[in-house]
Amino acid sequence: MSLHISKITTACNLKNVSAVLKTCKNGFANEASFEVKPFKLHKLESGPETTVTLSRDDALKYYTQLQTIRRIEAAAGNLYKEKIIRGFCHLYSGQEAVAIGIKAVLEPIDKVITAYRCHGWTYLMGAPIKSVLCELTGRKGGCARGKGGSMHMYAPNFFGGNGIVGAQVPLGAGLAFSLKYREQSGIAIALYGDGAANQGQVFEVYNMAKLWNLPCVFICENNGYGMGTSAERAAASVDYYSRGDYIPGIWVDGMDVLAVKSALKFTRDYCTSGKGPLVLEAATYRYSGHSMSDPGTSYRTRDEIQEVRQTRDPITSFREKIINAELVSQDELKKIDVDVKKEVDEAVKVAKADVEIGLEELAGDIYAAPLETEIRGTTPFNPLTHIKVGQPANL
């Protein structure tokens with residue numbers, strides 16, 4: 001299962017190198033190029049660039065995002081164990097490079113929807129860390145005022161995690177349809193896992209999206225395991241990038257931020273040119289169980305998890321790349337680590353101290369522009385009064 005880790009060279013102190021450096025500032029390279037693992041293609045004559053250029057500023061930005069999502073998920077796991085987070089809780093630890101590589105390419109008009117492993121995405125799409133953790137704990141300061149919890153979180157142009165397996169995929173096609181209908185040059189990202197990839201609705205949506213040539217990117221985050229079983233035991237074909245049949249597909253190393261970024265750049269250009277949808281498979285790995293109730297070790301070994309952590313971890317490998325390329329220093333990254341930990345720890349304190357909303361908000365913000373003020377309750381005889389609390393993030 002081990003993936004290729006690219007070799008990196010710089011032109012700051014080496015001759016005849018593959019990296020391209022434009023300037024050196026304060027002893028650091030301003031820009032460097034890296035070779036990523038080759039992509040696998042389905043019904044495409046050419047694919048994404050395997051040489052990816054990275055600026056020093058972006059290196060620091062992506063590293064900060066990687067560490068922040070990892071810290072958020074660690075905090076969420078602890079809060080769940082303390083029984084402060086209730087219900088379901090699905091962690092994204094190990095898969096951070098997929099979201100960050102995608103977000104690096106997105107334009108303000110682009111839209112994203114994913115499954116219930118959505119905490120990191122909510123942060124990336126603009127929700128403050130404390131807003132994410134308050135939502136996880138069901139508190140007033142959450143991005144959905146505590147109503148959504150772990151499985152239903154929202155941010156601008158982020159249409160949340162969806163609690164129904166695979167249901168976000170047709171919704172993603174709907175978002176793409178809205179962009180095409182309004183003649184807007186954006187794309188819609190619909191993310192789903194290898195387990196959800198076997199849902200019938202996924203294949204139905206492939207057909208509709210290609211029939212109408214919707215600017216939709218279907219991204220299967222293949223972390224190797226569904227809910228308690230391996231992908232090989234659940235699917236006759238695990239080449240998820242080719243499952244669109246008549247829809248072109250790309251396989252990408254989902255543990256490499258730069259590989260995902262390159263794949264999304266190609267994909268966005270393809271979809272906005274009117275050629276229709278693409279299927280992307282990001283090979284990644286989750287360190288935790290499927291959810292907090294799953295120890296994650298009954299269907300895989302602890303040695304396997306440890307091997308991935310040591311050889312393919314998206315944070316460790318990215319750290320090595322940017323240090324070896326002399327884009328950043330170890331001290332800079334250590335400071336980021338300290339600052340991120342401090343920010344997340346402060347957000348945890350806020351989430352623990354925040355209050356829950358009152359029952360009067362049960363009928364709050366059900367409609368953006370309600371025609372009637374009364375909302376039916378559990379019976380027609382006990383109506384609720386609709387109240388407007390705040391403008392929904394996605395409107």
Side-chain angles (χ1 to χ4, degrees), residues 1-10 14 17-21 28-29 31-40 48-74 91-105 120 124 219 221-224 250-265 280-288 300 303-337 340-341:
M1 293 178 65
S2 65
L3 293 176
H4 171 74
I5 299 178
S6 306
K7 293 182 178 180
I8 313 154
T9 53
T10 78
L14 296 175
V17 296
S18 61
V20 179
L21 301 181
F28 296 112
E31 190 176 90
S33 292
F34 303 87
E35 289 297 315
V36 301
K37 189 168 184 178
F39 303 92
K40 298 176 186 177
E49 295 289 338
T50 55
T51 301
V52 182
T53 301
L54 178 68
S55 69
R56 169 176 158 79
D57 288 344
D58 282 344
L60 292 169
K61 176 183 176 181
Y62 300 159
Y63 182 80
T64 301
Q65 291 174 331
L66 285 164
Q67 281 288 19
T68 301
I69 295 178
R70 183 68 61 87
R71 284 283 180 185
I72 288 173
E73 296 299 51
L91 305 183
Y92 203 60
S93 304
Q95 300 182 213
E96 300 92 346
V98 180
I100 293 165
I102 295 170
K103 182 62 174 65
V105 178
L124 285 179
I219 301 181
E221 294 185 89
N222 179 10
N223 59 30
I250 302 170
W251 179 96
V252 60
D253 177 3
M255 303 296 267
D256 185 347
V257 173
L258 301 182
V260 177
K261 180 181 179 180
S262 180
L264 256 293
K265 184 180 184 304
L280 207 67
E281 176 189 348
T284 184
Y285 198 84
R286 60 169 166 81
Y287 293 150
S288 304
R300 60 181 181 176
D303 289 342
E304 177 186 300
I305 301 170
Q306 191 61 28
E307 180 188 357
V308 176
R309 283 185 178 274
Q310 292 174 352
T311 62
R312 295 171 53 200
D313 182 76
I315 299 178
T316 303
S317 59
F318 187 70
R319 177 200 288 264
E320 291 176 356
K321 283 182 180 181
I322 59 180
I323 288 177
N324 291 341
E326 298 182 6
L327 284 171
V328 301
S329 70
Q330 290 192 27
D331 289 341
E332 284 181 301
L333 299 188
K334 286 179 181 178
K335 184 179 184 306
I336 290 174
D337 294 346
V340 168
K341 182 180 184 302

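Position 1 is the first residue of the sequence, and the numbers go up from there.
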message: So does L54 get a backbone contact from the side chain of D58, meaning a donor-acceptor N/O pair under 3.5 Å?
response: no

Measure the spacing between [atom1] of [X] and [atom2] of [Y] and express it to the nearest 0.5 Å.
X	Y	atom1	atom2	value
K61	I336	NZ	CD1	13.0 Å
T64	R71	OG1	CZ	13.0 Å
E332	I323	CD	CD1	9.5 Å
E35	L258	CD	CG	11.0 Å

Not counting sequence neighbours, which residues clear salt bridge (Lys or Arg N to Asp or Glu O under 4.0 Å) with [X]? List them please.
X	answer
R70	E96, D313
D57	none
E73	none
K341	D345

With a 4.5 Å heavy-atom cut-off, do [X] and [Y] have their side chains touching?
X	Y	answer
W251	N222	no
D303	E307	no
V252	V98	no
V260	L280	no
I219	I102	yes
V328	R56	yes
F39	S262	yes
L91	R286	no

- Task: Tell me yes or no: between the side chains of T53 and S33, is some donor less than 3.5 Å from an acceptor?
- Result: yes

Electrostatic pair E49-K261, nearest N-O below 4.0 angstrom:
no

Got a salt bridge between K321 and D256, using NZ or NE/NH1/NH2 to carboxylate O under 4.0 Å? yes

Residues passing the side chain to side chain donor-acceptor pair (under 3.5 Å) test with K335, sequence neighbours excluded, are D339

Residues at least two apart in sequence or cross-chain that pass side chain to side chain donor-acceptor pair (under 3.5 Å) with R309, listed by chain then number, are none

Does the side-chain contact (heavy atoms from CB on, under 4.5 Å) test come out yes or no for R319 and L66, once each step is laid out?
CA-CA 10 Å; R319 177 200 288 264; L66 285 164; over 6 Å; no

Worksheet entry | Ring geometry between F318 and Y63 (parallel below 30°, tilted from 30 to 60°, perpendicular above 60°) | parallel

- Under the side-chain contact (heavy atoms from CB on, under 4.5 Å) criterion, do F28 and L327 qualify, and how do the steps go? CA-CA 5 Å; F28 296 112; L327 284 171; over 6 Å; no

Only one of E221, Q95, R300, R312 passes side chain to side chain donor-acceptor pair (under 3.5 Å) with Y285, and that residue is R300

Practice prompt. Test side chain to side chain donor-acceptor pair (under 3.5 Å) on S55 and E31 and set out the steps.
Written response: CA-CA 4 Å; S55 69; E31 190 176 90; over 6 Å; no

Tell me the closest heavy-atom pair linking [X] and [Y], and the distance in Å.
X	Y	answer
G94	Y287	CA-CE1, 3.7 Å
A97	G254	CB-O, 3.5 Å
A59	I322	CB-CG2, 3.8 Å

Checklist entry - Taking it one step at a time, do L124 and I69 satisfy side-chain contact (heavy atoms from CB on, under 4.5 Å)? => result CA-CA 9 Å; L124 285 179; I69 295 178; 4.0 Å; yes

